[in-house]
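Heavy atoms only: backbone and side chains are in, while hydrogens, waters and symmetry mates are out. Here, residue 1 is the first one in the sequence, and each next residue gets the next number.
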Amino acid sequence: MHLDIDAERLWDSLMTMAEIGPTPNGGSCRLALTEEDAAGRRLLIDWCEALGCTWQVDRVGNLFIRRAGCRDDLDPVATGSHLDTQPQGGRFDGILGVLAGLEVFRTLDDHGVVTEHPLELVVWTNEEGSRFAPAMVASGTYAGEFSIASTLARTDRDGVTFDEALQACGFAGDLAVGEPRLDSFFELHIEQGPVLEAVGESIGVVAGVQGMRWYDVTFTGQTAHAGPTPMRLRRDALAAAARLIDRLQQHALADESGHTKVTFGCLEIAQGSRNVVPGEVCLSVDLRHVDEIVLDDLEQRFERELADCSAALGVTVSHERVWASPVVHFDAECIDTVESAARQRGLSYRRMLSGAGHDSVYVSRVAPTAMIFVPCRDGISHNEAEYASPEHCAQGCQVLCDTLLQRAGVATSD
């Protein structure tokens with residue numbers, strides 16, 4: 001069965017959601033478990049309740065919205081993503097996957113279609129990790145990667161715990177974490193990179209996700225006056241950090257495949273002053289690769305460079321690996337179903353790996369999973385300028401709709 005989604009209605013939903021937590025330059029700010037995040041969830045719940053859907057929330061705030069099937073004894077076929085954003089995020093990252101699921105529900109309702117399996121629309125909590133680190137912590141808790149207690153105890157920069165934020169925004173549920181069990185999970189997302197746009201293809205059939213490792217690093221030297229202290233006698237923590245950044249940057253640039261990626265997203269100078277040699281510097285390091293063995297090698301190089309930079313600049317160094325996500329390979333049958341849906345709609349597509357982490361990484365550990373990508377302009381994401389065209393959003397939603405129908409089965413229609 002082929003049902004056509006309503007592209008205009010999908011776009012209107014996206015733009016309406018963007019009105020919650022708008023930023024000055026056309027983006028969105030709905031940090032996890034803030035009032036803005038809660039308002040976005042309540043709007044979604046209102047839309048879904050109008051379709052006769054029911055909903056539950058688990059102990060870490062994951063929201064599960066169900067459209068009943070003909071056989072509710074079967075595990076649900078699920079879709080979804082997240083509604084939280086970066087501090088100056090865009091209108092599509094995560095949000096497209098959630099509202100495309102809503103549009104699928106609406107389309108089925110328009111045509112009186114009942115699926116064999118129930119359908120589940122999932123909003124995972126704190127996917128971005130911008131308020132509570134690490135990213136994808138609630139889907140990881142659902143999949144058993146993190147304990148409930150450790151997740152609830154995580155704090156934001158103001159010392160507010162995850163649990164306190166859940167209680168404050170009204171989304172501390174009582175559904176057991178790990179429930180409901182899912183037959184499968186399909187996540188639609190913008191690519192967040194430039195590949196699909198560059199090759200002029202409409203759909204990315206995502207076969208897996210590259211591996212990622214996050215570290216916190218602290219270089220400790222000695223603060224000193226910028227004028228009287230000779231260069232050769234300095235123990236400059238920032239110079240050591242700069243050397244580390246340069247060494248790893250050059251190593252990544254030398255990889256002609258482009259698969260080696262290093263990022264230094266946070267840099268903090270303790271009591272920084274214009275005329276003081278920095279005595280302590282903290283920075284974050286993000287290492288990524290599509291091959292787990294190569295990622296191991298990259299981690300070893302990182303540790304060697306730490307030691308070399310420390311010795312060369314006369315500072316001490318400490319580091320902690322705060323998160324590791326191995327290379328993920330999605331379910332072959334789910335991947336084939338997505339590819340078939342794109343092909344039957346006559347859409348250009350390619351199989352590809354994701355360069356970013358997604359909730360599907362953890363969900364794939366407990367349910368067959370695949371992802372669908374659509375292009376985003378200039379590959380820009382985590383940015384107010386993030387943009388995906390109405391046409392591409394609709395094409396991705398259409399592939400999602402066809403995929404869910406194929407997987408869930410159609411029981412009756414009018």
Side-chain angles (χ1 to χ4, degrees), residues 21 28 30-42 44-45 55-66 76 78-87 89 93-99 101 120-157 160-182 185-189 209 212 214 322-326 328 354 356-367 369 371 382:
S28 294
R30 290 190 301 275
L31 297 183
L33 304 181
T34 58
E35 178 51 39
E36 291 79 12
D37 186 27
R41 287 169 171 236
R42 289 193 294 268
L44 176 68
I45 289 170
W55 56 277
Q56 301 179 87
V57 181
D58 72 13
R59 187 63 186 89
V60 293
N62 294 318
L63 171 61
F64 299 89
I65 302 173
R66 178 164 296 199
T79 188
S81 193
H82 60 96
L83 289 175
D84 67 307
T85 72
Q86 292 288 332
D93 175 4
I95 294 87
L96 173 61
V98 173
L99 297 186
E120 203 85 26
L121 175 56
V122 188
V123 178
W124 303 106
T125 307
N126 190 62
E127 190 274 351
E128 293 290 0
S130 53
R131 184 178 183 192
F132 299 98
M136 301 132 58
V137 69
S139 57
T141 308
Y142 170 86
E145 174 68 15
F146 308 108
S147 72
I148 298 170
S150 69
T151 296
L152 294 176
R154 295 177 189 277
T155 59
D156 65 11
R157 292 186 177 185
V160 178
T161 68
F162 195 102
D163 192 22
E164 290 168 341
L166 273 175
Q167 302 289 344
C169 75
F171 279 93
D174 55 12
L175 177 67
V177 176
E179 296 293 333
R181 296 173 59 89
L182 305 179
F185 182 70
F186 298 90
E187 182 174 6
L188 171 63
H189 209 281
V209 180
M212 291 161 268
W214 287 5
V322 296
W323 184 52
S325 180
V328 172
S354 171
H358 301 283
D359 291 307
S360 289
V361 168
Y362 287 127
V363 180
S364 68
R365 300 185 183 186
V366 293
T369 297
M371 292 188 70
H382 287 186

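Ion pair E179/R59 not flagged as a salt bridge, since none of the NZ, NE, NH1 or NH2 atoms sits closer than 4.0 Å to an Asp/Glu carboxylate oxygen.
With sequence neighbours left out, T155 forms a side-chain hydrogen bond (donor to acceptor under 3.5 Å, both in side chains) with no residue at all. For F171, there are no ring-ring contact (aromatic ring centres under 6.0 Å, His included) partners two or more places apart in sequence or in a different chain. Partners of D37 under the side-chain hydrogen bond (donor to acceptor under 3.5 Å, both in side chains) rule, at least two apart in sequence or in another chain, do not exist in this structure. Under the side chain to side chain contact (heavy atoms under 4.5 Å, CB included) criterion, A324 pairs with R213, R321, sequence neighbours left out. Scanning for salt bridge (Lys or Arg N to Asp or Glu O under 4.0 Å) contacts around E164 gives an empty result, with sequence neighbours left out.
Put simply, the side chain of Q86 never gets that close to the backbone of H382: no donor and acceptor are under 3.5 Å apart. Remark: side-chain polar atoms of T141 are paired, donor with acceptor, to backbone N or O of V137 under 3.5 angstrom. N126 places no side-chain N or O within 3.5 Å of a backbone atom of L33 that could act as its donor or acceptor partner.
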CA sep, side-chain torsions, deciding dist, call: R30, E35, salt bridge (charged side-chain N to carboxylate O under 4.0 Å, His left out): CA-CA 8 Å; R30 290 190 301 275; E35 178 51 39; over 6 Å; no
H189/D93 under side chain to side chain donor-acceptor pair (under 3.5 Å): CA gap, chis, key distance, verdict: CA-CA 7 Å; H189 209 281; D93 175 4; 3.0 Å; yes
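Y142 and F64 have tilted rings, their planes meeting at an angle from 30° to 60° on a 0 to 90° scale.
Sorted by first and then second residue, the salt bridge (Lys or Arg N to Asp or Glu O under 4.0 Å) pairs involving residues 129-148 (not counting sequence neighbours) are R131-D156, E145-R365.
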